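Throughout, residue positions are numbered sequentially from 1 according to the sequence presented. Read the numbers this way: they start at 1 and go in the same order the structure lists the ligands and their atoms. For the numbers below, each heavy atom of this structure counts, side chains included, while hydrogens, waters and symmetry mates do not. A quick note: this is a predicted structure, and the numbers were derived from the prediction, not measured.
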Amino acid sequence: MKTDNKLLSYNLSDDIEKVLFSAEELDEIVGNVANQITERFADSVLVNNEKLVIVGVLNGSFQFVSDLVKKINLPLEIEFMFASSYGRNTTTSGEVNIKVGKNPDVLVDSNSNIVIVEDIVDSGRTLSKLLTTLRKKGNKSVSLCALFDKPERREVEVPVDFLGAKVPDEFIVGYGLDYAEKYRNMPFVGILKREIYEN
Ligand code: IMP
Ligand code: MG
């Protein structure tokens, strides 16, 4: 196979200003979140035979969900969904259009404890609408889990039950988080160089 110098010198992390969380630090943060979820639902699942359903919001949560579920020490089901708003100015319902992957019935099961897993809470609009929509579906409970929270940017109050870490008001990428669909594959989280998105 031909070796290309361009390939050898390419490094995704050249676009990163500063690393905020290394892969090792993320591992510890995710472990903490998993322990909180395990403690919270141990009785529900192991004593009361309720379901625990981890629902990842795509695409940003894919790395987080993958690592999180490996560290939750309970039987659980995994589902993914896409959420799209109807647009800020055209709706008064505060609801969101949800597309669920393989098993949408799990969201309406009266025995299901749903944990929505997001990459980051920014304005809070996405999670707030998801919560409103999912709480109307007749499940046992709906709680919110986010890897990161940018509290300075909040426009809508949203109760995050399980949180990884707070982050400053900077644009961050990696470990699922993207800028223009790039950088999701980085194993760490960093602040993106301004020149990348200001050009
Ligand atoms: P919210 O509805 O404003 O809370 O939007 C949250 C969504 O915005 C997240 O799920 C991300 O997709 C995106 N987002 C917010 N801040 C960042 C960031 O710093 N990096 C990458 N995506 C972000
Ligand atoms: Mg997202």
Output every pair passing ring-ring contact (aromatic ring centres under 6.0 Å, His included) with a member in residues 107-140, not counting sequence neighbours, ordered by first then second residue.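 Matches after skipping sequence neighbours: none remain.
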Quick one: list whatever passes ring pair (Phe, Tyr, Trp, His ring centres under 6.0 Å) with Phe148, sequence neighbours left out. Phe21
Just checking Asn73: does its CG atom have more than 12 heavy atoms from other residues, nucleotides or ligands closer to it than 6.0 angstrom?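 Counting other residues, nucleotides and ligands, CG of Asn73 stays at 12 neighbours or fewer.
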From atom 5 (O) of ligand 1, work out which of Ile191, Leu192, Thr126 has a heavy atom at the shortest distance.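 Among Ile191, Leu192, Thr126, the closest heavy atom to atom 5 (O) of ligand 1 comes from Thr126.
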Contact atoms of ligand 1, heavy-atom distance to [X] under 4.0 Å:
X	answer
Glu118	10 (O)
Asp119	9 (C), 10 (O), 11 (C), 12 (O)
Arg125	2 (O), 4 (O)

Under a 4.0 Å heavy-atom limit, does Glu170 contact ligand 1 with its side chain, its backbone, both, or neither?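 The answer is the backbone of Glu170.
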For ligand 1, the portion of Leu177 having any non-hydrogen atom under 4.0 Å away: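 The answer is the side chain of Leu177.
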Do the charged groups of Glu77 and Lys51 touch, with an N to O distance under 4.0 Å?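 A salt bridge links Glu77 with Lys51.
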Please confirm whether Gly124 comes within less than 3.5 Å of ligand 1 when only nitrogen or oxygen atoms on both sides are compared. yes
Short N or O distance, Val121 and ligand 1, threshold 3.5 Å exclusive: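 No; the residue has no nitrogen or oxygen that sits under 3.5 Å from a nitrogen or oxygen of the ligand.
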I'd like to know if the side chain of Tyr179 pairs up with that of Asp15 as donor and acceptor (distance under 3.5 Å, no hydrogens or angles considered).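 No pair is found: no donor N or O on one side chain lies under 3.5 Å from an acceptor on the other.
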Under a 3.5 Å threshold, yes or no: a donor from one side chain and an acceptor from the other, between Asn113 and Ser141?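 Yes, Ser141 and Asn113 have a side-chain donor paired with an acceptor closer than 3.5 Å.
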Are any of the heavy atoms in Glu155 under 4.0 Å away from ligand 1?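 False for this residue.
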Are any of the heavy atoms in Val173 under 4.0 Å away from ligand 1? no
State, to 0.1 Å, how close Val45 and Pro75 come at their nearest heavy-atom pair, and which atoms those are. CG1-CG, 3.7 Å
